[in-house]
Each structure stands twice: as C-alpha cells, then as structure tokens.
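Please read the structure below before turning to the comments.
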Amino acid sequence: MSKANTNSRPEARLAKGFRDIEAPELKALADMTGKIREVYERYGFDALETPAIEYTDALGKFLPDQDRPNAGVFSFQDEDEQWMSLRYDLTAPLARYVAQNYQSLPKPFRRYAFGNVYRNEKPGPGRFRQFMQFDADTVGAEGIAADAELCMLAADTLEALGVKRGDYRIKVSSRKLLDGLLSAAGLEGEDNAGRRLTVLRAVDKLDRLGIEGVSQLLGKGRKDESGDFTKGADLTPAQTMEVIGFLERPIAENANNPAFQAGVDDLLKLQEICAAAGYEDNRIRLDQTVVRGLEYYTGPVFEAELTFEVKDEDGKPVRFGSVGGGGRYDDLVARFTGEKVPATGFSIGVSRLQAALSLIGEKKVETLGPVVILVMDKGEIATYQKMTQALRNAGIRAEMYLGSSGMKAQMKYADKRNSPCVIIQGSDERAKGEVTIKDLIEGAKAAAAIKDNKEWKEARPAQFSVSENHLVQEVHNLIKRHQG
RNA sequence: GCCGCCUUAGCUCAGUUGGUUAGAGCGCUAGAUUGUGGAUCUAGAGGUCCCCGGUUCAACUCUGGGAGGCGGUACCA
C-alpha cells in the first residue's frame with residue numbers, strides 16, 4: 001500500500017457532540033422509556049411518531065434572540081432546493097401535525113412522543129447535539145386543568161422511575177406573572193424588548209447566582225469567575241427593587257396587584273387542583289423564578305427539578321437541576337392556520353435524567369451474556385450448532401463460537417461476553433454422549449482463592465459433565481441459580 | 001460567542017534545558033500449559049509525538065495560526 005494511500009485513510013472518529021451508546025445503557029434506556037410510557041398512557045395520552053426531518057419552514061424559526069439569528073438547527077437542501085431541518089424538539093412537529101390534521105383530530109388532542117432531537121450547538125458537560133426527549137402535550141384545551149394535569153404527570157413519572165418523593169420538585173410559574181412584573185417595573189413597549197429579555201434571564205438565574213448576582217444583572221452587569229462579562233439590563237434602582245421584591249415575596253401576596261392578577265389566579269387554581277388530588281407543596285410548588293423558553297410560552301410554565309445532591313468521582317457535589325419542563329403555548333398552531341389553538345405540554349430530557357439516575361446508585365446489574373458453545377473440533381460444527389439451537393429454542397441466549405481461535409481464546413471470549421457458562425464437547429465427551437458445562441461465574445470465584453498454577457490446572461473449578469440429553473435442563477438451572 | 005486548561009501506543013500517562021534507534025503500566029496477540037477464563041514468567045505486535053506554517057544545521061520539544069477534547073460562562077426552542 002502506497003504512502004499516499006495510507007495518508008488518505010479516514011480517521012475513525014465521532015462527530016462532535018455525538019456519542020455511541022452501548023448495550024448496558026441501551027438496556028437501561030429501554031427500561032426507562034417503558035416506565036415513562038406507562039405513566040403517559042395511564043394519563044390518556046396516545047403515541048404519535050413524526051419524522052426526524054421536516055421542512056425548515058414547517059419547523060419554524062424559534063430563534064428570536066437577537067444574538068444568534070439562525071444558529072442551532074441542522075439544515076440542508078433537498079434535490080429540489082427546498083430547505084430541510086432535523087427537528088430540534090418534539091413540539092414544533094406536533095404543531096405541524098395538528099395544523100395538518102386539524103379537521104379529523106379529537107379535540108382536545110392528547111399525544112405523547114419520544115425520540116431523538118438535534119441541536120447544532122456547542123456541546124457541554126452532559127449536553128450533546130443529539131439527545132432524547134419524551135413529551136406529552138394536550139392541544140385544544142385552554143383550561144388550567146390541562147396544565148395541572150401535566151404537573152401531576154411529571155411527578156408521577158419521576159416516582160415511577162425511582163426518584164423518591166422529596167428528591168424532586170415540580171416548580172410552576174406563569175408567563176402572565178412575569179408579564180405583570182415587567183409592566184409593574186415599567187418595561188412595556190418596543191424599545192424595552194431587549195431589556196425584558198435580559199430581566200427574565202436574570203430572574204431565571206436566581207437559584208444559581210442569588211439575589212446579589214441577579215441585582216448585578218438587572219443593573220450594569222456581572223463579571224463571572226471565568227472572566228466573562230454579562231451585560232446587565234441597566235434598570236434604575238427603583239425598577240431593580242421592584243423585581244427583587246417580586247422574587248422575595250410569595251406569589252399569593254401579589255393577588256391584590258392588578259398587574260399580577262391574571263397570573264396569580266391561574267397559579268392558585270392550579271395549586272388547588274393539584275392539592276385536591278393529593279399533590280401538595282412537597283411535590284408541586286409555585287415558584288416565581290421559573291422562566292423557561294423566552295419566546296413561545298404564554299401561560300403557566302413548569303420545570304421538573306432533582307433536588308438531591310450526589311458526589312461525582314472526585315467527591316465534588318453535583319446538582320442535577322432541571323430534567324424536564326414545559327408550559328402553555330397558545331400561539332404555535334396559529335403559525336399555520338391563523339387560528340389560535342391553546343396547547344400545553346411537558347417534556348422530559350431522557351438522556352439527562354438517565355445520567356442522574358445512574359448516579360444515584362441504581363446498582364449496575366451485570367446482565368448475563370449468552371451461553372457460549374465451544375468449537376473443539378471443526379468437523380463437528382453441525383453438532384455444536386444443533387446444541388446451540390436447542391438452547392435457543394428453550395429461550396436461553398446462546399451462541400456457537402464463530403471465530404477461528406483455539407480453546408483458550410474461546411474461553412477468554414466467553415469471559416469477555418460475561419457468559420454464565422460454556423459448553424464443551426471434545427472427543428472424550430462425545431464418546432460418552434456427554435457434554436461438559438463450565439460455570440464461569442463460580443469458576444471466577446474459585447480462581448480468586450487459587451494462587452498456584454498446578455492446583456488451578458488440577459482443580460478445574462466449577463465444571464461438570466452431563467448427558468447430552470440433559471444439557472438444556474442443566475444450563476437452565478445454572479442460569480436460574482445466578483439470576484436468583 | 002467569551003475565558004482557562006489540555007492533545008505523545010488501543011487506554012492512563014512519563015519524557016526530551018531543541019540532537020540521530022520516543023518510554024512505562026494496563027490492555028492486546030502468542031508461548032511456557034498436546035483440551036480450560038485467573039495468577040506467574042517470556043516474547044511479539046502497536047506511534048505521521050493533533051494538523052499547517054515559521055525560526056533552526058537540526059523541531060515531538062521554541063513560535064504563529066488552526067482543529068479537537070475538557071472545564072467555566074453565555075445561550076438553550
């Protein structure tokens with residue numbers, strides 16, 4: 001092979017921000033999505049799958065931030081030069097679907113969906129450019145009951161996944177409340193649009209930066225430890241006081257202020273509905289610091305937060321924070337039909353939640369690999385394959401070794417596959433109509449106690465011979481022993 | 001986007017004040033063990049020292065730029 005050829009070989013590498021997921025994690029993922037699905041279906045939502053790719057204009061451009069007008073979405077042009085994009089959430093495709101099938105859908109329409117979504121952004125710790133979301137949305141219901149229901153669904157889902165009560169919280173606020181705050185602070189009008197965004201972003205950071213940090217962001221700005229300067233909203237001291245005051249007093253105390261009336265009414269009603277169903281403050285709690293997406297929410301917004309702390313490998317405490325969220329978006333379908341359709345939804349960040357759950361000590365249950373039938377004699381492959389099929393027909397994971405290496409390598413292979421046992425039939429056993437079953441798990445335990453090679457050889461721990469006819473039964477018993 | 005750190009074997013990392021054949025541990029392959037995963041010993045394979053330019057007799061090392069990774073921060077539909 002020429003040198004030029006060698007140099008032109010591609011490097012085996014992953015695209016930035018993407019990752020491979022291997023068997024154990026996929027298994028955990030499947031378990032998890034199964035449990036989530038069960039809760040969602042119990043709440044009466046029906047499954048809907050839409051494609052990962054849509055026409056760009058159908059997905060819409062929800063990138064109102066002045067800073068980055070068009071980043072964030074993976075897009076490309078089709079043959080006919082139409083722009084297509086990978087979906088960046090599951091809500092935009094839902095809006096398209098509802099608009100397209102409006103006539104025939106039952107209203108309200110309740111659907112759940114899960115799948116990978118894609119964002120063309122810089123990946124960060126625990127953040128990738130492909131990740132899984134699991135959504136439930138109700139379209140066509142304007143009452144607050146629909147929102148309350150999603151909060152309860154969120155709580156039930158987390159508990160179904162093994163998060164203990166008290167280790168999570170569903171926080172609820174309302175965009176109307178924040179609108180009230182902005183007008184109370186005198187920030188109405190076109191020329192204050194930028195400031196409004198900055199104020200909301202500052203409010204969103206309260207739990208991380210505290211009152212002090214938020215005050216800086218409301219005023220001149222704030223410089224963080226990394227040296228980055230975040231420009232502030234440049235509010236007057238009086239305006240800042242207004243915002244800080246709002247953050248410090250309970251939501252209900254705003255009830256007499258007309259600016260906050262609509263938001264407070266909604267939230268108190270939501271709280272009442274949840275409380276009546278047994279979901280008290282320890283699970284679903286009003287919290288005026290919840291902000292969420294800035295552009296499209298129009299009513300209640302909620303966020304599911306894990307509240308426990310966990311130490312990472314270096315012993316440093318890690319907070320997981322938000323693992324899901326949602327809210328009411330009444331304008332999304334109107335983009336297509338011109339008709340205002342009320343909608344509300346909740347979305348779980350599956351990948352993130354899974355990372356959190358794996359850290360709170362779900363003991364890694366080593367799943368057993370397949371039984372491996374060793375090939376002792378290449379002339380007897382048909383016999384080995386027959387044994388393999390007999391095990392498979394009995395519902396036992398099994399495979400005949402398909403490589404070309406010797407017995408020792410085959411044993412190592414079985415070891416690496418985490419096999420419960422291997423099946424050995426060389427000429428000795430065949431002459432007697434027997435097979436040797438070697439229990440790899442017991443064998444490993446025995447090996448720990450044996451230091452001397454001679455002893456190891458002579459002991460040949462944890463193996464026994466049985467008649468061919470009893471192979472399936474014996475293997476079945478062995479596996480059962482290790483699983484129990 | 002902004003700030004900081006990092007990039008040498010499959011993995012984790014040494015190393016060279018710029019000098020000719022770049023190292024370790026683990027892992028991998030094989031042998032000691034004619035049919036047995038562990039342990040021990042032995043041997044072997046495996047590297048454009050991230051990329052491109054500059055300085056130099058000489059660059060893996062110095063320098064400029066770039067890419068990638070990590071960690072903050074910003075943004076997050």
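Numbered from 1 within each chain, the chains take letters A, B, ... in sequence-line order.
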Regarding A:Q425 and A:E468, do their side chains bring together a donor and an acceptor under 3.5 Å, going by distance alone? yes
Record whether the side chain of A:Q425 comes under 3.5 Å of the base of B:G35 through a donor-acceptor pair of N or O atoms. no
Any idea which of B:G37, B:G35, B:A77 is nearest the A:R292 side chain? B:A77
What pairs with A:Q410 under side chain to side chain donor-acceptor pair (under 3.5 Å), at least two apart in sequence or on another chain? none
Are A:R127 and B:C70 close enough that a side-chain N or O sits under 4.0 Å from OP1 or OP2? no
Students often get this wrong, so: under 4.0 angstrom with heavy atoms, is A:Q410 touching a base, only sugar-phosphate, or nothing? nothing
Quick test: give all pairs of protein nitrogen or oxygen and nucleotides 38-40 of chain B nitrogen or oxygen below 3.5 Å, distance rounded to 0.1 Å.
unit_1, atom_1, unit_2, atom_2, d
B:G38, N7, A:W456, NE1, 2.9
B:G38, O6, A:N453, ND2, 2.5
B:G38, O6, A:W456, NE1, 3.2
B:G38, N2, A:I450, O, 2.5
B:G38, N2, A:K451, O, 3.4
B:A39, N6, A:N453, ND2, 3.2
B:A39, N1, A:N453, ND2, 3.2

Is a salt bridge present between A:R430 and A:D377, judged by a nitrogen-to-oxygen distance below 4.0 Å? yes
Is the shortest side-chain N/O distance from A:R201 to OP1 or OP2 of B:C76 below 4.0 Å? yes
Any residue meeting side chain to side chain contact (heavy atoms under 4.5 Å, CB included) with A:S75, in chain and number order, not counting sequence neighbours: A:T56, A:V73, A:W83, A:S85
Could you walk me through whether A:Y40 and A:F134 satisfy the ring-ring contact (aromatic ring centres under 6.0 Å, His included) test, starting with their C-alpha distance in whole Å, then the side-chain angles of each, then the deciding distance to 0.1 Å, before giving a yes or no? CA-CA 10 Å; A:Y40 282 23; A:F134 209 132; 5.0 Å; yes
Would you measure the distance from the C1' atom in B:G47 across to the matching atom in B:G23 and give it in whole Å? 11 Å
Checking only heavy atoms, does the side chain of A:K122 share a donor-acceptor pair with the base of B:G72 at less than 3.5 Å? yes
Within the pair A:R208 and B:U73, is there a side-chain N or O less than 4.0 Å away from OP1 or OP2? yes
Those residues at least two apart in sequence (or on a different chain) that pass side chain to side chain contact (heavy atoms under 4.5 Å, CB included) with A:A398 are A:V371, A:I373, A:T388, A:L391, A:R392
Both atom distances under 3.5 Å, Watson-Crick or G-U wobble: I'd like the secondary structure of RNA chain B as a dot-bracket string, with | for pairs made across strands. (((((((..((((.....[...)))).(((((.......))))).....(((((..]....))))))))))))....
Applying side chain to side chain contact (heavy atoms under 4.5 Å, CB included), name anything that partners A:Q463, two or more places apart in sequence or on another chain. A:T436, A:K438, A:R460
More 5' along RNA chain B: A:K416 or A:T91, using each one's nearest nucleotide? A:K416
